[in-house]
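Taking it in order: structure first as structure tokens, then the write-up.
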2 protein chains.
Amino acid sequence: MAETAATRPSHRAAPSHTHPDEVALTAALAALADPVRLRLVRELAASDEWERTCGSFDVPVGKAALSHHFAVLRDAGVVEQRDIGRKRTNRLRRPEFDRRFPGLLDLVVNDRDG
Amino acid sequence: MAETAATRPSHRAAPSHTHPDEVALTAALAALADPVRLRLVRELAASDEWERTCGSFDVPVGKAALSHHFAVLRDAGVVEQRDIGRKRTNRLRRPEFDRRFPGLLDLVVNDRDG
DNA sequence: CTAATTGTTCGACGCTGATTGAACATACTC
DNA sequence: GAGTATGTTCAATCAGCGTCGAACAATTAG
């Protein structure tokens, strides 16, 4: 029925996002208090938006765990995801997240033990 | 043997402190990603240094858990403790912690869902 | 159509962390 | 001295999180 030409056929259901404004401080801190996710965020911060697919990150975990970590970051308002074909691309929600938690991403991205 | 007149006879052994400089980012985030500890930090930030004893905080946990939370904050370089008589007083390590993790305490103390 | 790629979901496992109650240690008070 | 107040430590419990392997879904390539 040609609804609206299906914006973009997804990998599966479109990932459900949470805006940083709706994220509790403890949730944001907990999301970033993990070495794997920290690495994801840092690599993401060093890349252009929508440039990196989920599988393109250098982290020492399997696919299942990776998927879980991205879900956590999504729920914490840290990343946004968009499906392109069979790949899922990512973007760091810098401006939104920075307005909700000023300085937090800077701290994470620029910390010495990167 | 009059060593040095025992600086200050402690509740027990003097609490072992960790300087913020020796704290990993993930450890700092994890320490603050807890509602009880968040509350301790906030109340502490609103009080004068060495003014609050451990038992003077309004948190919904028993003494054992409280003691544990303070130990976590100590290990994360967030608080400093000093024994006075049978009481243990606290101080937020603002300057040191701010130098190591700029903006983090501000974020925690000034967050909306306080 | 078949096969390969990308990522999610499920069940299970192990580990860490928060909590409690009880026992203990120290210091103050009477 | 005995009794009280303040915290710590221990053992046990319980919930949650990170991880994996396997099964599944959707898309693309041949």
Side-chain angles (χ1 to χ4, degrees), chain A residues 6-17 24 26-41 44 50-76 79-91, chain B residues 6-17 24 26-41 50-76 78-91:
Chain A
T7 48
R8 231 162 262 98
S10 292
H11 177 72
R12 193 190 170 79
S16 74
H17 288 104
T26 52
L29 294 175
L32 297 174
D34 177 278
V36 173
R37 291 194 288 267
L38 223 44
R39 180 132 189 195
L40 296 179
V41 169
L44 217 38
W50 310 120
E51 195 193 53
R52 308 290 304 271
T53 68
C54 290
S56 73
F57 292 83
D58 183 24
V59 287
V61 295
K63 302 193 292 185
L66 228 200
S67 186
H68 164 67
H69 285 303
F70 272 111
V72 172
L73 291 177
R74 240 168 32 222
D75 292 349
V79 304
E80 188 182 353
Q81 299 187 306
R82 178 182 298 173
D83 290 336
I84 295 183
R86 63 185 157 182
K87 304 193 172 181
R88 181 161 282 190
T89 66
N90 299 274
R91 163 191 168 254
Chain B
T7 48
R8 235 164 257 96
S10 291
H11 176 73
R12 194 188 168 82
S16 74
H17 288 103
T26 52
L29 294 175
L32 298 174
D34 176 278
V36 173
R37 291 193 289 266
L38 223 44
R39 179 132 190 194
L40 296 179
V41 169
W50 311 119
E51 194 193 54
R52 308 290 303 270
T53 68
C54 290
S56 74
F57 291 84
D58 182 26
V59 286
V61 295
K63 303 193 293 186
L66 227 200
S67 186
H68 163 67
H69 285 301
F70 272 110
V72 172
L73 290 177
R74 238 167 35 219
D75 292 348
V78 180
V79 304
E80 189 181 353
Q81 300 187 306
R82 179 181 299 172
D83 290 336
I84 295 185
R86 61 184 158 183
K87 303 193 173 183
R88 181 160 282 190
T89 66
N90 298 274
R91 163 193 169 252

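Order of the sequence lines fixes the chain letters, A, B, ..., with proteins taken first and strands second; residue numbering starts at 1 for each chain.
- A side-chain hydrogen bond (donor to acceptor under 3.5 Å, both in side chains) with Asn90(A) is found for one member of Arg52(A), Glu51(A), Gln81(A) and no other, namely Gln81(A).
- Minimum heavy-atom separation, Leu38(B) to Leu32(B): CD1-O, 3.1 Å.
- Side-chain contact between Arg82(A) and Arg91(A) is absent, with no heavy atoms from C-beta onward closer than 4.5 Å.
- Look at His69(A) and you'll find a side-chain N or O under 4.0 angstrom from OP1 or OP2 of dT19(D).
- Phe70(A) and Val79(A) get closest at one heavy-atom pair: O-CG2, 4.3 Å.
- Atom CG in Leu38(B) sits roughly 15 Å away from atom C1' in dA18(C) (whole-Å rounding).
- Rounding to whole angstrom units, CZ of residue Phe57(B) and P of dT6(D) are separated by 14 Å.
- Side-chain proximity of Ser67(A) to the nucleotides dG18(D), dT8(D), dT9(C) is greatest for dT9(C).
- As a whole-Å value, the separation of Leu32(B) CG from dG17(C) P is 15 Å.
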Using atom names, set out every protein N or O paired with an N or O of nucleotides 3-5 of chain C below 3.5 Å, distance rounded to 0.1 Å.
| unit_1 | atom_1 | unit_2 | atom_2 | d |
| --- | --- | --- | --- | --- |
| dT5(C) | O4' | Arg86(A) | NH1 | 3.3 |
| dT5(C) | O2 | Arg86(A) | NH1 | 3.3 |

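- For the pair Pro60(A) and Lys63(A), nearest-nucleotide mapping onto DNA chain D gives the more 5' position to Pro60(A).
- Nucleotide dA25(D) holds its C1' atom 12 Å from the CG atom of Asp83(A), rounded to whole Å.
- The NE2-P distance, from His68(B) to dC10(D), rounds to 14 Å in whole Å.
- Between Arg74(B) and Ser16(B), the closest heavy-atom pair is NE-O, 3.6 Å.
- Here the closest non-hydrogen pair linking Ala31(B) and Ala76(B) is CB-CB, 3.5 Å.
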Mind listing the N/O atom pairs, protein and nucleotides 10-16 of chain C, below 3.5 Å?
none

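- Between Pro35(B) and Val59(B), the closest side-chain pair of non-hydrogen atoms is not below 4.5 Å.
- Here Thr53(B) reaches the OP1 or OP2 of dG7(D): one of its side-chain N or O atoms lies under 4.0 Å away.
- In this structure, Arg39(A) is not positioned above the aromatic face of Phe57(A) in the sense of NZ or CZ being under 6.0 Å from the six-membered ring centre and within 45° of the axis.
- Proximity of Thr53(A) to Ile84(A): side-chain heavy atoms (C-beta onward) are nowhere separated by under 4.5 Å.
- A straight line from CZ of Phe70(A) to P of dT6(C) spans 14 Å, rounded to a whole angstrom.
- A straight line from CG of Leu73(A) to P of dG18(D) spans 10 Å, rounded to a whole angstrom.
- The side chain of Arg37(A) places an N or O atom within less than 4.0 Å of a non-bridging phosphate oxygen (OP1 or OP2) of dG18(D).
- The distance between atom CZ of Arg88(A) and atom C1' of dA26(D), rounded to the nearest whole Å, is 11 Å.
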